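Here's the structure we're looking at; comments come further down.
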Amino acid sequence: METNRRGLFNKKWIVAFLVYIGLVALCCIALYVVPSVIGMFERTYIAEHGKIDVTDEVSAFIVRDERVYVAAQKSKINRLADSNRLVKAGTKVVELTPSEETFDLSDEDEDADAEKDDKKDDKKAAESKDKKADSKDNKAESEDKTAADDAKKTDKKKTGSGNDKKTEKTEDAAEQDAKLGIRGSKYAGIMEELGDKYSVTENGYTRTAGYVSYYVDGAEARLSTKAIESLNYDDLKELTGRKAVKVPSGNCGKNYPIFKIVRNRKWYLVYYLKKDEAAKYTEGQTVYIDVNEESVPVTVREVRDEGKNTRITLTCKTFFDGFLEIRNLDTKVTVESAEGLVLEDGSIVEAPDGKRGVFVVNKLGQHVFTPVRTKADDGTKCVVYSDIYVDDGGNYVETIGTYDEIIAVPSDEDIASLKKSSSNKK
């Protein structure tokens, strides 16, 4: 009897022990196995240090202030300042010596004149050959004609020849006058575009400080910083698309352009973006443009809504090599650049109290909402502060750290937990 009681007592202890072991196993499964199984169906990643640049590749229009100087009289030119040189107001850029010589032609004009001279020589040679042939025929026929008739024809021929030479001389003079006058030159259209917005100089001095250029295109009068507000996309495209022409370097005619001064002050860079792309720009913001493999800081002067597109205007005072020869600039604009912990934009959610953050997986597999503060965002990924940051109220806030495990896409349960937590605090 006593033996049976002992056996029953031992069985109870064994059962209790097995139950205890079972409960411990269930706890272990609940704490470790279940989260691991659930984790197989949710994507996570590790927060690591990195850098993000928020950029736009743009084709921009350059708008700057320029002044064209023209000669007061026909002159011989001696350049005293090199192209791209920065000079002060009152500097003698070129030396002008009054002269009656024709201005120097461009290579294209020289080739054209040489070809014209060759044609004239060929024409004269052909005429001379024809005259010799006619002379022989006339000699054969002259035996049947009287001396009076011969004399009469001779006089008539001489008179006609004199008139031809006179006409040819008049045409050459007219052609020469056309070359000497601004109306007959390759600068005629450019000067017409400038109107009265140029400076006349007798001695080659500049009235304004700036960079020296020996190219003109006629856009100098309209394409200025003062007129930028009135210039639309079509205006900018047309004015910046003109071909620049070299000014004379040897001799020039009256009112011929002889040099240009590009003002040494702020200039503008204008380009157009789609509205969503332009949303990251704010007036007064400092951004960077790539020029000659260097990063140049510029300021956002204006963000203007123009229907489907947004017009961005940047302002800058930095001059660079090749700047005076171009009116368009293809460049990369860096709007934001930051280093920190890199997160996927899809990981970030907003709590009911307005705080933005991510869910971090702790050692127990739990999803813990942790606030974050963004430094830069390229639309896909962003860079945030690590360990601690200061919020808008000046408070220190603990945030994520390096190698934290982040939930890539928070579940509905995670979002619901945020709302529940907010309700409990109230």
Side-chain angles (χ1 to χ4, degrees), residues 61-77 79 83 93-94 96 98-113 116 171-208 210-263 267-268 270 323-328:
F61 306 110
I62 295 175
V63 180
R64 57 187 176 232
D65 294 318
E66 305 170 324
R67 191 72 175 180
V68 175
Y69 286 77
V70 304
Q73 66 280 318
K74 298 176 185 177
S75 305
K76 183 178 180 181
I77 302 171
R79 292 180 178 175
S83 181
V93 178
V94 299
L96 297 176
S99 172
E100 289 300 323
E101 295 182 19
T102 58
F103 66 92
D104 58 336
L105 302 176
S106 66
D107 294 339
E108 294 82 2
D109 292 336
E110 289 176 353
D111 294 339
D113 284 356
K116 187 184 295 184
E171 291 176 353
D172 289 342
E175 182 179 358
Q176 186 179 29
D177 290 341
K179 287 183 178 179
L180 288 172
I182 190 66
R183 292 182 180 178
S185 77
K186 61 183 177 181
Y187 306 109
I190 291 175
M191 295 307 299
E192 185 178 353
E193 286 284 344
L194 292 178
D196 60 354
K197 295 182 179 179
Y198 59 84
S199 297
V200 179
T201 178
E202 293 184 0
N203 302 312
Y205 287 93
T206 173
R207 301 175 187 173
T208 56
Y211 291 88
V212 177
S213 173
Y214 294 110
Y215 286 87
V216 293
D217 58 13
E220 291 85 0
R222 293 183 58 199
L223 200 61
S224 66
T225 58
K226 289 183 179 179
I228 192 171
E229 298 298 334
S230 62
L231 298 175
N232 57 33
Y233 175 82
D234 292 333
D235 294 330
L236 292 168
K237 186 176 181 181
E238 191 276 324
L239 291 170
T240 60
R242 298 183 180 184
K243 183 180 179 180
V245 179
K246 288 183 179 180
V247 298
S249 59
N251 296 283
C252 67
K254 181 180 179 180
N255 290 332
Y256 273 63
I258 51 176
F259 67 88
K260 178 171 69 177
I261 295 295
V262 180
R263 298 296 299 274
W267 52 273
Y268 297 141
V270 182
F323 176 74
L324 304 185
E325 285 76 33
I326 61 174
R327 290 199 183 278
N328 300 89

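All of these numbers come straight from a predicted model, not from anything done at the bench. Counting begins at 1 with the first residue of the sequence.
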Are the side chains of [X] and [Y] in touch, meaning some heavy atoms are under 4.5 Å apart?
X: W267; Y: I62; result: yes
X: V93; Y: Y214; result: yes
X: T240; Y: L223; result: yes
X: M191; Y: Y256; result: no
X: P248; Y: I77; result: yes
X: V212; Y: I261; result: yes
X: R64; Y: F323; result: yes
X: P98; Y: K74; result: no

Okay, side chain of [X], backbone of [Y]: is any donor-acceptor separation there less than 3.5 Å?
X: K260; Y: S213; value: no
X: T206; Y: T208; value: yes
X: D65; Y: T225; value: yes

Say you draw a straight line from [atom1] of [X] to [atom2] of [Y]; how long is it, rounded to the nearest 0.5 Å?
X: L236; Y: R222; atom1: CG; atom2: CZ; value: 9.5 Å
X: S99; Y: Q73; atom1: OG; atom2: CD; value: 10.0 Å
X: S83; Y: L324; atom1: OG; atom2: CG; value: 6.5 Å
X: S75; Y: N203; atom1: OG; atom2: CG; value: 9.5 Å
X: N232; Y: K237; atom1: CG; atom2: NZ; value: 12.0 Å

Could you tell me which non-hydrogen atom of [X] sits nearest to which non-hydrogen atom of [Y], and how far apart they are?
X: T201; Y: Y205; value: OG1-N, 3.3 Å
X: I228; Y: Y268; value: CD1-CD1, 3.2 Å
X: L96; Y: G204; value: CD1-N, 3.9 Å
X: P257; Y: V68; value: CB-CG1, 3.9 Å
X: G253; Y: A71; value: O-CB, 4.1 Å

(message) Counting only heavy atoms not in E192 (residues, nucleotides, ligands), do more than 12 fall under 6.0 Å from its CD?
(response)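 No, not enclosed.
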
(request) Just jot down the side-chain contact (heavy atoms from CB on, under 4.5 Å) partners of R242, sequence neighbours excluded, or say none. (result) E193, D217, A219, E238, L239

(request) May I ask you to decide if the ring planes of F259 and Y69 are parallel, tilted or perpendicular, using 30° and 60° as cut-offs? (result) parallel

(message) For the residue pair S199 / R67, report whether a side-chain donor-acceptor contact shorter than 3.5 Å exists.
(response) yes

(message) Please determine whether a side-chain nitrogen of the Lys or Arg among E220 and R327 lies less than 4.0 Å from a carboxylate oxygen of the Asp or Glu.
(response) yes

(request) Find out whether the Lys NZ or Arg CZ of R263 is both under 6.0 angstrom from the six-membered ring centre of Y211 and within 45° of the ring's axis. (result) no

